[in-house]
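Sequence lines set the chain letters: A, B, ... in the order given, protein chains first and strands last, and positions in each chain run from 1.
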Amino acid sequence: MNRAIRLALVVGLLGALWGAWSWWSSEERRIRSRLDELADLMTPDPGEPDMARLARFARFRSALTVDIMVDVGEPIPPITSRETLIGLVFRAHATGMRRKVELSDVQVSVVDSAHARVLLTAVVTTGDGSAQTVDARELEMGLVKNDGAWLVAHVVAREPLRPVR
Amino acid sequence: VTSRLPAFVLGPNPRRTLIRALVLIGASAFVFTRLLLPVRLHGTSMLPTLAEGRLGFVAVPVFWFEGPRRGQIVGIRFAGTHTMLVKRIVGMPGEVVQFVNGTVLVNGEPLAEPYLARLAKWNSKPVSLGRDEFLVVGDNRDMSMRAQQFGVAQRNRLVGPVIVWP
């Protein structure tokens with residue numbers, strides 16, 4: 001291997017390391033990680049013990065601002081407080097029905113050191129087999145950074161189709 | 001590593017086989033994430049044309065060369081193309097479209113829709129479509145109007161026509 005190739009390899013390796021470090025330390029990665037955590041927290045395990053459920057909701061609560069505003073459209077009315085949201089999700093999970101939340105096509109825009117906007121598609125799959133229903137929504141989320149942690153401050157649904165009635 | 005693998009896997013020239021495999025993987029990844037997007041249908045809104053669980057592809061390049069046409073079944077993106085709505089175009093830009101007793105009226109004229117099975121009595125106010133707007137709806141008009149997710153889609157939401165094999 002001649003000297004030029006070795007040099008190119010070293011430069012490439014350093015570039016890759018720098019890229020990996022930049023990504024690892026970026027706010028975007030932290031936000032994506034937070035969103036993955038939220039999706040997991042909203043996906044209960046079948047037969048989850050009560051204590052595990054309480055712990056999961058405590059973690060879920062810590063990822064939201066007190067005055068979170070959520071408007072994801074019908075059939076859920078607009079929500080303007082964290083406790084109302086927690087209560088709603090808790091009741092939905094208490095039915096014991098299998099539920100899976102997936103977030104995809106996540107686009108993160110870090111506005112400044114304490115604010116970020118996220119656009120994503122949330123897919124909620126409920127039930128099993130032939131009784132399975134799939135509900136997809138495009139969501140715009142606002143996040144704020146508080147004590148080093150990104151918290152969800154608002155969630156608004158964006159309709160891909162303008163309704164005709 | 002290559003010496004441990006059976007000759008029938010790697011052939012007489014392992015290096016060439018590995019390069020071919022990598023090229024194939026790369027080309028497949030490009031085609032199936034950028035050009036032909038695989039879709040699997042959930043729900044009954046496209047019955048009887050497309051049944052639940054039906055597999056197909058959204059052909060992205062078609063809309064690079066020609067605009068969407070009436071009657072096409074298209075993929076409509078949400079935030080991205082990982083999840084899409086699949087609907088049929090019934091109204092084109094600049095038209096006034098209305099449902100009257102289940103029949104689609106385009107500029108006051110009934111639209112022939114041979115792909116429909118039964119019609120429920122859908123009624124709506126006339127909607128004027130803007131320059132980049134299309135009216136899209138599922139083929140299952142037997143279900144209630146509230147149960148169908150349909151409406152006006154912006155051109156930039158239409159990803160491509162849906163291709164399914166018979």
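Other residues, nucleotides and ligands contribute over 12 non-hydrogen atoms within 6.0 Å of the NZ atom of A:Lys145. Around atom CZ of B:Arg16, no more than 12 heavy atoms belonging to other residues, nucleotides or ligands sit under 6.0 Å away.
Looking at B:His82, both its backbone and its side chain come within 4.5 Å of chain A, counting heavy atoms on both sides.
Residues A:Val101 and A:Leu41 share a hydrophobic cluster, clusters being chains of Ile/Leu/Val/Met/Phe/Trp/Tyr side chains in contact below 4.5 Å. Clustering ILVMFWY residues whenever any of their side-chain heavy atoms sit less than 4.5 angstrom apart, transitively, puts A:Leu85 in the very cluster that holds A:Leu103. Clustering ILVMFWY residues whenever any of their side-chain heavy atoms sit less than 4.5 angstrom apart, transitively, puts B:Met143 in a cluster other than the one holding B:Tyr115. No continuous path of hydrophobic side-chain contacts links B:Val74 to B:Phe65 [ILVMFWY only; heavy atoms under 4.5 Å]. The hydrophobic clustering, which links ILVMFWY residues whose side-chain heavy atoms are closer than 4.5 Å, places B:Ile163 and B:Leu37 apart.
To the nearest 0.5 Å, atom CG of residue A:Asp105 and atom CE of residue B:Met84 are 9.0 Å apart. Summarising the geometry, atom NE2 belonging to B:His42 is positioned 6.5 Å from atom OG1 belonging to A:Thr125; distances are rounded to the nearest 0.5 Å.
A:Val164 is listed as a side-chain neighbour of B:Val152, based on a closest heavy-atom distance under 4.5 Å.
Here the closest non-hydrogen pair linking A:Ala136 and B:Phe78 is O-CE2, 3.6 Å. Pairing each heavy atom of B:Ala79 with each of A:Leu120, the nearest pair is CB-C, 3.5 Å.
When B:Val137, B:Leu135, B:Leu85 are each tested for a side-chain contact (heavy atoms from CB on, under 4.5 Å) with A:Leu161, only one passes: B:Leu85.
Options B:Gln154, B:Glu133, B:Lys87 differ in how many heavy-atom pairs under 4.5 Å they form with chain A, and the most are formed by B:Glu133.
Ionic pairing of A:Glu138 and B:Arg157 is present here: one or more N-O contacts between side-chain nitrogen and carboxylate oxygen are shorter than 4.0 angstrom.
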